[in-house]
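One structure below.
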Amino acid sequence: MAGEPQADCLFCKIVAGEVPATLVRETETTVAFRDINPQAPTHILVIPRVHHRDAAALAAAEPQIAADVLRETAEVAAEEKLGSYRVVFNTGSGAGQTVFHAHAHVLGGRGLQWPPG
C-alpha cells in the first residue's frame, strides 16, 4: 500500500536502519544520503520516509512531503556548499529510475551539461 514501508524496497530498508547508508541529513519526513554510484563529485539522494513509487505518486498523495523533499534538496546543496547544482527526479524505468521509491538526486561539484542525457 502506498505510504507504507515495503519489505522489498531498498530505500525503505535505509529509512528503517536495516541497510547502511552514509547519511547527510534527516528530518521528520525525509532522509538524505550519499549515492553509492555517484555521477558527480557530489551526488546525494533525498527520499521521503514514506513509500511512494515515484515523484508523481508522492506529489499526488502527499504534496506537503513532496515539498519537504524539494526543500531538503536546497538544504543539502547549501550544506555541501554547492554554488550550482542539479535536482533530478527520474520517474519510470524509461527515465532511468532503478529504485521504485520516490527520490531526488542532488548533483554538483562539476559542470553539468545540457541536455542531461
### Query
Regarding Q39 and D35, is there a side-chain donor-to-acceptor distance under 3.5 Å anywhere?
no
### Message
Hydrogens and angles aside, do T29 and D68 bring a side-chain donor and acceptor to less than 3.5 Å of each other?
### Response
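D68 and T29 do have a side-chain donor-acceptor pair below 3.5 Å.
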Quick check: is [Y] connected to [X] through a chain of hydrophobic side chains (ILVMFWY, heavy atoms under 4.5 Å apart)?
X: V106; Y: L58; result: yes
X: L112; Y: V76; result: no
X: Y85; Y: V88; result: no
X: F11; Y: F100; result: no
X: V19; Y: V15; result: yes

### Query
Do the rings of H101 and H51 sit parallel, tilted or perpendicular, given the 30° and 60° boundaries?
perpendicular
#### Entry: Residues F89, H103; criterion ring-ring contact (aromatic ring centres under 6.0 Å, His included); working and verdict
CA-CA 6 Å; F89 291 89; H103 59 284; 8.3 Å; no
Flag the pair [X] / [Y] as yes when at least one side-chain heavy-atom distance between them is below 4.5 Å, and no otherwise.
X: I47; Y: T30; answer: no
X: T22; Y: F33; answer: no
X: R25; Y: E72; answer: yes
X: I65; Y: V50; answer: yes

Ignoring hydrogens, what is the shortest heavy-atom contact between [X] and [Y]? Give both atom names and the distance.
X: A55; Y: A102; result: N-CB, 3.8 Å
X: P41; Y: G109; result: CG-O, 3.5 Å
X: C12; Y: Q6; result: SG-N, 3.4 Å

### Query
In a check of side chain to side chain contact (heavy atoms under 4.5 Å, CB included) between V46 and each of V24, V87, L70, V69, which one passes?
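Checked V24, V87, L70, V69 against V46; only one passes side chain to side chain contact (heavy atoms under 4.5 Å, CB included): V69.
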To the nearest 0.5 Å, what is the distance between [atom1] on [X] and [atom2] on [Y]?
X: R71; Y: Q64; atom1: CZ; atom2: CD; answer: 6.0 Å
X: D8; Y: K13; atom1: CG; atom2: NZ; answer: 7.0 Å
X: I14; Y: L45; atom1: CD1; atom2: CG; answer: 8.0 Å
X: C9; Y: R53; atom1: SG; atom2: CZ; answer: 10.5 Å

### Task
Please answer whether the main-chain N or O of P116 pairs with a side-chain N or O of R86 as donor and acceptor at a distance below 3.5 Å.
no
### Query
Any donor and acceptor pair, going by atom type alone, linking the side chain of Q97 with main-chain N or O of A95 inside 3.5 Å?
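Checked: no pair found.
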### Message
Using salt bridge (Lys or Arg N to Asp or Glu O under 4.0 Å), reason through E28 and R49 one step at a time and then give a plain yes or no.
### Response
CA-CA 8 Å; E28 185 177 307; R49 288 183 179 275; over 6 Å; no
